[in-house]
Amino acid sequence: MKSLYGKFLVMTVGIMLTSALVAFLAVNTYYHRYLKEQNDTKNVAVAEQIASFIEEENGLDLTAYFDMLAAAGYKLMIISPDNTPTLYGEAFRVNNLELEAIEQVRNGQVYHGMRDLKAETFVTGYFSNESANTVGVPFSREGDTYALFLRPDIKMLFTEIHYLLGGMVIVMAIISLLAMLVVARKLIEPIVVLTRATKRVGEEQFSGDMAIDRKDEIGQLAKSFQQMINRLSENDQIRKAFISDVSHDFQSPLLNIKGYADLLSDENLPANERKHYANIIQSETERLSTLTKQLLLLTSLDQLVSPLQKRVFRVDQQVKETVRKSQWLLQEKEMSLMLEIDEVTYEGDPAFLEKVWENLLSNALKYTPDGGTIDIQLTERENEVYFSIEDSGVGMSEDTKARVFDRFYRADHSRTREVEGTGLGLSIVEQVVRLHDGRIEVISELEAGTTFIVHLPKL
């Protein structure tokens, strides 16, 4: 049976039957070990009272008296002195009373048939309808000794109240089974919904909400699954946008290279134009190279499973070396640079952190006009390394600040015609800082400059 509902039904019925069997065996064992002797003693006391009453009442009509006892709920077997048995009440299913037991009672001993009946696994001795499952006592009448064997009549004991109780148990069992089926259906319904949602996710369909409003473990699972679907949907949209942006960013320089290469094939092209076109092709090639390197770096950051290659190094030396590499551009743009750098030692991945300083300085150089200023500060605080880079560039709008770390996002090109970036530099910065459990802040205002602040916690 493949259905979870069917399995639950079979398990419920199996548990009910097994529990009933175990309960019966437990009660049967309890009777044989503890109650059988008590039951025997109680019935022996009844039989002795009957025998004593018969011996005291000389004019008693024995037949009428025994019929009355049978009607009151007892089975009696009277053995006369000549071994003739007389039965009062319902007949025994099995007449297996041994002659030795009869002689034992005639000799004045009590017969404990209920106590000494051999225990059987599936038949409780209390219900065993055999003549051997009785108690026996002697009584005298007109000088003769008789043997009286007695046991309760089980059919007579089952009165209306017992039938009511039995019916109640059956009704309870039926209602319990039906209730379990309803509960099982309610429990399985959200699992069915989750199964359908899983199939849709497998088909890359991430839309739609699951109508599961529960507070239990299944509700928590559904909530987590819904969050996963939402995240997958966002990632799917990001992936498609990423592919579109990558395609566009590769296609544009490739078209420029192809176009200017075609122009260079003209043999009558003047030397100055040929040189200009060659410079454009070189610039676009460098742009493609930079884009490829940054994409590879982002991919390595996204797929970083092993820990960062951390080691203790001098951050101040690394920042100074980064500034030195860009010294030619600072001189070309006639920009002033202010450095406030303390000696700072930090345990991190120097290869990745170098990309942080390079991209932030490159971003400041790109968006700061000629003659502007850049201030860099590096200091070691109590629990962190503090790095800031402030420029007097074009600044950012609120919308730009909100999206500045998005991949392939670039600010208004009308204000940055001089330099065309890839839109990946700040994404790399943000991810490297995050991998070091740090954070980065942006403070910016249009036409008033921008400040990036990096906080790296010291572990």
Side-chain angles (χ1 to χ4, degrees), residues 23-159 161-162 166:
F24 175 80
L25 292 176
V27 170
N28 185 65
T29 302
Y30 182 77
Y31 172 79
H32 281 293
R33 290 193 176 185
Y34 302 105
L35 296 183
K36 186 161 69 171
E37 186 171 354
Q38 297 179 16
N39 187 47
D40 179 90
T41 303
K42 179 180 66 176
N43 283 279
V44 166
V46 172
E48 288 177 342
Q49 288 180 3
I50 293 173
S52 177
F53 181 77
I54 292 173
E55 291 176 350
E56 291 175 359
E57 298 293 332
N58 294 327
L60 181 66
D61 185 349
L62 289 181
T63 301
Y65 179 60
F66 289 141
D67 286 336
M68 183 269 295
L69 291 174
Y74 288 96
K75 292 183 180 183
L76 299 99
M77 181 181 289
I78 310 299
I79 307 297
S80 63
D82 59 356
N83 288 336
T84 301
T86 304
L87 184 65
Y88 296 90
E90 292 286 333
F92 291 101
R93 180 178 61 84
V94 178
N95 188 10
N96 56 355
L97 186 63
E98 296 181 358
L99 183 61
E100 181 182 352
I102 297 174
E103 294 299 326
Q104 174 186 333
V105 173
R106 280 219 186 100
N107 291 332
Q109 299 179 21
V110 175
Y111 172 66
H112 296 278
M114 290 185 177
R115 183 192 66 187
D116 300 332
L117 182 70
K118 184 179 178 180
E120 297 182 25
T121 304
F122 291 103
V123 179
T124 301
Y126 185 76
F127 296 98
S128 183
N129 188 17
E130 305 173 12
S131 59
N133 189 23
T134 58
V135 295
V137 294
F139 70 88
S140 299
R141 185 73 173 179
E142 297 177 355
D144 295 322
T145 301
Y146 293 80
L148 167 66
F149 294 91
L150 171 147
R151 70 164 281 104
D153 189 345
I154 300 301
K155 290 183 178 179
M156 294 289 290
L157 292 179
F158 273 93
T159 57
I161 186 63
H162 295 93

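What you see is a predicted model, and the numbers here were worked out from it, not measured in a lab. What you see below is based on every heavy atom in this structure, not just the backbone, and it leaves out hydrogens, waters and symmetry mates.
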Q.
List the residues meeting side chain to side chain contact (heavy atoms under 4.5 Å, CB included) with E90, not counting sequence neighbours, and say none if there are none.
A. K75, D153

Q: Quick one: do I50 and F139 satisfy side chain to side chain contact (heavy atoms under 4.5 Å, CB included)? Show the steps, please.
A: CA-CA 9 Å; I50 293 173; F139 70 88; over 6 Å; no

Q: Please indicate whether E55 has more than 12 foreign heavy atoms, meaning atoms of other residues, nucleotides or ligands, lying under 6.0 Å from its CD.
A: yes

Q: Quick one: list whatever passes side chain to side chain contact (heavy atoms under 4.5 Å, CB included) with V110, sequence neighbours left out.
A: V44, E48, H112, V137

Q: Say whether, by atom type as modelled, one donor and one acceptor occur between the side chain of R151 and the main chain of L76 under 3.5 angstrom.
A: no

Q) Just how far is it from atom CZ of R141 to atom CD1 of I54, taken to the nearest 0.5 Å? A) 7.5 Å

(Q) Please enumerate all residues that pass side chain to side chain contact (heavy atoms under 4.5 Å, CB included) together with E57, with sequence neighbours excluded. (A) F53, L60

Q) Taking all atoms of both residues into account, what is the closest heavy-atom pair of N39 and N43, and its distance? A) O-ND2, 2.8 Å

Q. In chain order, what residues pass the side chain to side chain donor-acceptor pair (under 3.5 Å) check against T86, with sequence neighbours excluded?
A. none

(Q) Working to the nearest 0.5 angstrom, can you tell me the gap between L148 CG and Y88 OH? (A) 10.5 Å

Q | All pairs passing salt bridge (Lys or Arg N to Asp or Glu O under 4.0 Å) where residues 94-105 contributes a residue, at least two apart | A | E103-R106

**Q.** side chain to side chain donor-acceptor pair (under 3.5 Å) against E142, all qualifying residues, sequence neighbours excluded
**A.** none

Q: Of all the heavy-atom pairs spanning A51 and P138, show the shortest one and how long it is.
A: CB-O, 3.7 Å

Q) So, does D40 use its side chain to make a donor-acceptor pair with the main chain of K36 at under 3.5 Å? A) no

(Q) N58: which residues meet the side chain to side chain donor-acceptor pair (under 3.5 Å) condition with it, sequence neighbours left out? (A) none

Q | Heavy-atom donor-acceptor pair, Y111 side chain to A132 backbone, under 3.5 Å | A | yes

Q.
Under the rule for ring pair (Phe, Tyr, Trp, His ring centres under 6.0 Å), what residues qualify as partners of F92, not counting sequence neighbours?
A. none

Q.
Rounded at 0.5 Å granularity, tell me how far CE in M77 sits from CG in N95.
A. 4.5 Å

Q.
Could you work out, with side chain to side chain donor-acceptor pair (under 3.5 Å) as the rule, every residue matching N96, not counting sequence neighbours?
A. E130, S131

Q: Establish, from distance only, whether the side-chain atoms of N133 and N129 form a donor-acceptor pair under 3.5 Å.
A: no

Q. How would you list, by chain and number, every residue that makes a side chain to side chain contact (heavy atoms under 4.5 Å, CB included) with D61, sequence neighbours excluded?
A. T63, A64

Q) Going through the distances and angles, do I102 and F149 end up as a side chain to side chain contact (heavy atoms under 4.5 Å, CB included)? A) CA-CA 9 Å; I102 297 174; F149 294 91; 4.1 Å; yes

Q | S80 OG to Y146 OH distance, which is reported to the nearest 0.5 Å | A | 6.5 Å

